[in-house]
**Q** 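Following this message is one structure expressed as structure tokens.
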Amino acid sequence: MSVMKSRRSVARRSTSAKGARTMGARVRFGPAGWMYKDWEGIVYPRPKPRHFDQLRYIAELFDTVEINSSFYGPPLERTAGSWVQRVKECKNFRFTAKLWKRFTHERDKAWTTGEVDQVRAGFDVMMDAGRLGAVLLQFPWSFRRTEENREWLGDVVRTFRQYPLVVEVRHASWLAPEFLAALKEDGIGFVNIDQPLYHDSIGPSAHATSNVGYVRVHGRNYKDWFRDKAPVEQRYNYLYKADELQPWAERTREIAEDPGTREVYVITNNHYKGKAVANALMLKSMVTGAKVTAPNGVFEAYEDVMTGYVATPGRSAVSTAHSDLLLTAGP
């Protein structure tokens with residue numbers, strides 16, 4: 001993979017007075033997507049209050065969300081502008097966005113400059129506003145480390161190198177030292193994933209290859225992961241228990257402690273019925289050591305796994321407009 005080198009901002013690992021290592025990078029937690037009908041009555045109230053904004057609500061609860069609609073088609077400039085406007089009061093909030101599948105899954109013919117321009121139109125709005133934390137290049141398990149696929153990946157990276165890129169590959173053939181070294185040399189992040197493990201699937205890892213670290217947990221629904229006729233909702237229908245998430249909290253800390261890492265994005269993709277929200281909040285509590293704010297409906301639905309990570313009702317960490325919908329965190 002031949003890619004132009006990029007300069008990287010380095011977040012140094014710091015040391016406490018007692019000599020214990022602390023994370024030198026900012027860690028952001030959030031779900032993949034926010035517009036799901038099956039979140040109503042769990043993540044979002046039913047009926048919704050007047051002027052209720054799903055994106056604003058998520059931006060008050062988390063400091064990142066992964067845009068997955070951009071995988072199916074690039075966002076229009078006005079759509080991206082609307083997203084930026086709706087989170088304007090959440091100063092620390094950042095989007096990550098999946099690259100259009102035309103560049104990752106539809107590889108039977110070369111893309112056009114017009115298609116590239118479509119992607120850039122929306123992404124540039126978020127980038128110029130300082131709201132685009134990462135662009136995710138997600139490739140399927142069938143995308144193996146062949147010469148042809150290495151060339152394709154290199155072309156994609158060169159085409160979109162103006163954005164902070166992270167690469168998700170799912171086949172174990174990519175776990176070659178030279179591939180990880182090439183990512184590090186070119187400042188491209190490696191996406192560490194949790195997925196159902198089949199033959200030659202990439203397993204859990206804590207690789208840090210750029211100033212942007214990335215963790216993405218998909219769930220472990222072995223029954224439906226590769227089943228062709230499985231509805232997408234069922235493929236991501238999985239709720240992690242605490243003991244399954246704890247190793248990912250440790251890996252997140254490890255990535256954040258790497259001297260080349262500036263920020264880490266931890267994304268939960270097991271979105272069915274708000275499970276991603278529950279597990280993202282649990283991971284945040286595990287990594288930070290603080291109890292978190294949770295929507296009442298999420299806690300009620302998943303109390304068995306969330307107990308101990310969500311604070312009892314009290315002081316609200318979000319706007320008063322939404323405070324009655326939440327169990328709140330805080331000291």
Side-chain angles (χ1 to χ4, degrees), residues 1-12 23-33 59 62-71 74-75 77 80-81 83-84 87 90-101 103-104 116-139 153-169 174 179-193 205-216 252 255-267 269:
M1 186 169 62
S2 176
V3 187
M4 290 183 64
K5 295 182 182 179
S6 63
R7 297 180 180 178
R8 298 188 296 163
S9 299
V10 176
R12 296 295 179 186
M23 295 183 295
R26 177 168 190 139
V27 184
R28 303 177 188 273
F29 302 85
F62 295 106
D63 51 11
T64 192
V65 71
E66 184 181 275
I67 301 168
N68 57 17
S69 61
S70 55
F71 175 76
E77 183 177 352
W83 292 337
V84 168
V87 301
C90 304
K91 302 301 183 184
N92 293 319
F93 185 82
R94 300 291 182 271
F95 293 101
T96 69
K98 293 173 67 174
L99 185 65
W100 184 15
K101 64 180 180 178
F103 297 89
T104 58
V116 173
D117 290 342
Q118 283 182 267
V119 172
R120 289 176 176 165
F123 283 5
D124 284 351
V125 172
M126 294 182 284
M127 189 75 171
D128 293 344
R131 294 291 190 171
L132 186 60
V135 170
L136 169 66
L137 317 181
Q138 176 199 291
F139 289 90
L153 175 57
D155 288 343
V156 174
V157 167
R158 281 189 294 274
T159 299
F160 297 105
R161 63 179 178 267
Q162 72 267 43
Y163 306 116
L165 301 179
V166 295
V167 174
E168 176 178 338
V169 284
W174 291 97
F179 174 64
L180 295 174
L183 291 179
K184 192 167 187 177
E185 181 180 5
D186 294 319
I188 309 300
F190 181 89
V191 179
N192 301 277
I193 60 174
S205 61
H207 297 300
T209 59
S210 80
N211 59 9
V212 178
Y214 215 94
V215 169
R216 202 161 184 252
T252 298
I255 296 166
E257 290 170 355
D258 187 277
T261 305
R262 184 181 65 208
E263 55 186 359
V264 182
Y265 291 87
V266 181
I267 303 296
N269 195 31

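In this chain, numbering begins with 1 at the start of the sequence shown.
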**Q** So, does Arg161 use its side chain to make a donor-acceptor pair with the main chain of Arg158 at under 3.5 Å?
**A**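 Such a contact is found between Arg161 side chain and Arg158 backbone.
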**Q** What closest approach, in Å, do Pro164 and Gly133 show between heavy atoms, and which atom pair accounts for it?
**A**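 Where Pro164 meets Gly133 most closely, the heavy atoms are CG-O, 3.3 Å.
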**Q** Do any N or O atoms from the side chain of Asp258 and from the backbone of Gly260 form a donor-acceptor pair under 3.5 angstrom?
**A** yes
**Q** Could you grab the distance from atom CD1 of Ile67 to atom CZ of Phe123, nearest 0.5 Å is fine?
**A**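 Output value for this atom pair is 7.0 Å.
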**Q** Between Ile267 and Glu66, what is the shortest heavy-atom contact and its length?
**A**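 Nearest heavy atoms, Ile267 then Glu66: CG2-OE1, 3.6 Å.
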**Q** Any chance you could lay out the side chain to side chain contact (heavy atoms under 4.5 Å, CB included) test for Thr104 and Val156, step after step, and finish with the verdict?
**A** CA-CA 8 Å; Thr104 58; Val156 174; 5.5 Å; no
**Q** How many angstroms lie between CZ in Arg216 and CG in Leu136, if you round to the nearest 0.5 Å?
**A**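 These two atoms lie 5.0 Å from each other.
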**Q** Can you give me the closest heavy-atom contact between Thr261 and Val264, atom names plus distance?
**A** CG2-CG2, 3.6 Å
**Q** Tell me whether Arg131 contacts the main-chain N or O of Phe93 through its side chain, where contact means a donor paired with an acceptor under 3.5 Å.
**A** yes
**Q** Of all the heavy-atom pairs spanning Gly33 and Val65, show the shortest one and how long it is.
**A** O-CG2, 3.7 Å
**Q** When you look at Leu153 and Trp174, which way does the side chain to side chain contact (heavy atoms under 4.5 Å, CB included) test go after all the steps?
**A** CA-CA 12 Å; Leu153 175 57; Trp174 291 97; 4.0 Å; yes
**Q** I need the Ile188 CD1 to Leu165 CG distance, nearest 0.5 Å.
**A**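 The distance works out to 4.5 Å.
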**Q** Are Leu183 and His207 close enough, and set up right, to give a side chain to side chain contact (heavy atoms under 4.5 Å, CB included), and what steps lead you there?
**A** CA-CA 10 Å; Leu183 291 179; His207 297 300; over 6 Å; no
**Q** Return the minimal non-hydrogen interatomic distance between Ala59 and Cys90, and the atom names on each side.
**A** O-SG, 3.7 Å
**Q** Does the side chain to side chain contact (heavy atoms under 4.5 Å, CB included) test come out yes or no for Val191 and Gln138, once each step is laid out?
**A** CA-CA 9 Å; Val191 179; Gln138 176 199 291; over 6 Å; no
**Q** Please check if the side chain of Thr209 supplies one atom and the backbone of Leu180 the other of a donor-acceptor pair under 3.5 Å.
**A**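 Pair absent, no side-chain N/O of Thr209 close to backbone of Leu180.
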**Q** List for me each residue that meets side-chain contact (heavy atoms from CB on, under 4.5 Å) alongside Ala134, sequence neighbours excluded, and say none if there are none.
**A**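 By the side-chain contact (heavy atoms from CB on, under 4.5 Å) rule, Ala134 matches Thr96, Val166, Val212, Tyr214.
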**Q** Looking at Arg94 and Glu263, is any side-chain nitrogen of the basic one under 4.0 Å from a carboxylate oxygen of the acidic one?
**A** no
**Q** Determine whether Ser210 and Phe190 make a side-chain contact, defined as any pair of heavy atoms from C-beta on separated by less than 4.5 Å.
**A** no
**Q** How are the rings of Phe95 and Trp83 set relative to one another: parallel (under 30°), tilted (30 to 60°) or perpendicular (over 60°)?
**A**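 Correct class here is tilted.
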**Q** Measuring from atom NZ of Lys101 to atom CZ of Phe139, what distance do you get when rounded to the nearest 0.5 angstrom?
**A** 14.5 Å
**Q** Among all residues two or more places apart in sequence or in another chain, which pass the side chain to side chain donor-acceptor pair (under 3.5 Å) test with Ser205?
**A** Asn192
**Q** What heavy-atom pair brings Met126 and Val84 nearest, and what distance separates the two atoms?
**A**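 Shortest heavy-atom contact: CG-CG2, 4.0 Å.
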**Q** Answer yes or no: is there a side-chain heavy-atom contact under 4.5 Å between Val27 and Thr252?
**A**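 A side-chain contact exists here, since the closest heavy-atom pair is under 4.5 Å.
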**Q** Mark yes or no for whether Asp63, through its side chain, and Phe29, through its backbone, hold a donor-acceptor pair below 3.5 Å.
**A** yes
**Q** Run the ring-centre check on Phe160 versus Phe103 and record whether the distance is less than 6.0 Å.
**A** yes
